[in-house]
There are 2 protein chains.
Amino acid sequence: MKRHVLIFGLVGGLLIAALQYTEYRFVVIQHSVEIYGVLVAILFAAFGIWLGLRITRRRETVRETIVVREVLVPAAAPAPFAPNTARQQSLGITPRELEILALVARGLSNREIATQLFVSENTVKTHCARAFDKLGAARRTQAVQRGKELGLLP
Amino acid sequence: MKRHVLIFGLVGGLLIAALQYTEYRFVVIQHSVEIYGVLVAILFAAFGIWLGLRITRRRETVRETIVVREVLVPAAAPAPFAPNTARQQSLGITPRELEILALVARGLSNREIATQLFVSENTVKTHCARAFDKLGAARRTQAVQRGKELGLLP
DNA sequence: TCCAAAATCACTCAAAAGGATGACGACATC
DNA sequence: GATGTCGTCATCCTTTTGAGTGATTTTGGA
């Protein structure tokens, strides 16, 4: 990607140089500024379009091979899931926080969690905030994603 | 698409006009041609890039050629994930909605999603609302959970 | 060319979530 | 007894989400 910027700069520089050079040679031509402006505009617009195409082309190819139907050999029993206590320890996440995190991952609202655990909504929010902080998450969706990545959640 | 060309022409015309106008007002300024050239170049390059992105964005979604590939997998291999298109169809979830849902699952906020997809936050919210409705979810965490259950998300 | 689905955007209002901070009691440990 | 952690709860304030509506634009297909 960095190469694009380089090429971009280069082309720009050359163009300006050419502009300046020709400016001196054909000063007599009327409306030269407008003509050059249009030329530059067209050139750069085309270049931009090309660049845009080039950047996004990669994504296309990726999109094409999506569906992979796998023919499974024996069915591996879905592991009963063991929370990664080591990671939990290292992050300093308390059991209660993890418990609430799990309910967040199940899609419950703070109020629903509070009801289910017989605590106040404020308490849930506090636990959430602390857990989010320890996970480096700003949103509950992000916290859930991180939690799964780290093996804290099923 | 016709509108783009129109806007393109319009902007170009205005720019040239502005160029000409200011040219007459600030003839004293040295190197004005170069400066204006650079300005025009930058503007049009940006516009071109934007246009290029916009054009290819569509092709991306359209170009969703589904390639079904059957593979024998040893049971332990983590499946590369195949979105359950049948279920998606039956629920009436559009490709765009699923795309946004995936970003929600990754923990992005609506604003971040909007930036990443070059659309307004309002649009993201609309897609979200529709997807949530189709999934029978009231919150994004719940939608993500449902989406995973239904095999729509990895 | 016309139509329907999909995608886009805007606006309002209400609810949910999040950040910051302080506080209190239970409990374990030093 | 002092200290520290954990769980609990609160208040204030801001941001984010979600619901409900309506509208326009694109696009693909009949």
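A, B, ... follow the sequence lines: proteins, then strands. Residue 1 opens every chain.
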Measure [atom1]/[X] against [atom2]/[N] and give the value in whole Å, please.
X	N	atom1	atom2	value
B:Leu135	D:dG18	CG	C1'	15 Å
B:Lys134	D:dA19	NZ	P	14 Å
A:Ile100	C:dA16	CD1	P	17 Å
A:Glu121	C:dA17	CD	P	7 Å
A:Arg140	C:dG19	CZ	P	11 Å
A:Asp133	D:dC6	CG	P	14 Å
A:Phe132	C:dA16	CZ	C1'	12 Å
B:Leu101	C:dA6	CG	C1'	17 Å

#### Entry: Earlier contact from the 5' end, DNA chain C, for B:Arg139 and B:Lys125
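First, find each residue's nearest nucleotide; the 5'-ward one identifies B:Lys125.
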### Comparing A:Asn110 and B:Thr126 on DNA chain C - which has the more 5′ nearest nucleotide
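In this pair, the answer is B:Thr126.
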Out of [options], which nucleotide sits closest to the side chain of [X]?
X	options	value
B:Val119	C:dT8, D:dG18, D:dC9	C:dT8
B:Arg96	D:dT8, C:dA10, C:dA7	C:dA7
A:Arg111	D:dT11, C:dC9, C:dA16	C:dA16
A:Ser109	C:dA7, D:dG7, C:dA17	C:dA17
A:Pro95	D:dG7, C:dG18, C:dC11	D:dG7

### Query
Please walk me through it: do B:Glu97 and B:Lys134 pass side chain to side chain contact (heavy atoms under 4.5 Å, CB included)?
CA-CA 10 Å; B:Glu97 284 162 6; B:Lys134 290 168 186 171; 2.9 Å; yes
### Query
Side-chain N or O of B:His127 less than 4.0 angstrom from OP1 or OP2 on C:dA7?
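So the side chain of B:His127 is outside the cut-off, no N or O lying under 4.0 Å from OP1 or OP2 of C:dA7.
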### Query
For A:Thr94 and D:dT5, is the shortest distance between a side-chain N/O and OP1 or OP2 below 4.0 Å?
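No, outside the criterion.
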### Message
I'd like to know if B:Arg106 and B:Glu112 make a salt bridge, using a cut-off of under 4.0 Å between side-chain N and carboxylate O.
### Response
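Salt bridge: no.
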### Message
As an exercise, state the distance from CG of A:Asn110 to NE2 of A:His127, rounded to the nearest 0.5 Å.
### Response
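Here the interatomic distance stands at 11.5 Å.
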### Task
With sequence neighbours left out, write down each residue that passes side chain to side chain contact (heavy atoms under 4.5 Å, CB included) with B:Arg111, or none if nothing qualifies.
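Listed in chain order: B:Ser109, B:Glu121.
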### Query
With a 4.0 Å cut-off on heavy atoms, is B:Thr123 in touch with a base, just the backbone sugar-phosphate, or nothing at all?
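It contacts base atoms.
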### Task
Report the residue (B:Arg130 or B:Ala137) whose heavy-atom-nearest nucleotide on DNA chain D is the more 5′ of the two.
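By nearest-heavy-atom nucleotide position, the 5'-most residue is B:Ala137.
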#### Entry: Over 12 foreign heavy atoms within 6.0 Å of CD, A:Glu149
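Count over threshold, so yes.
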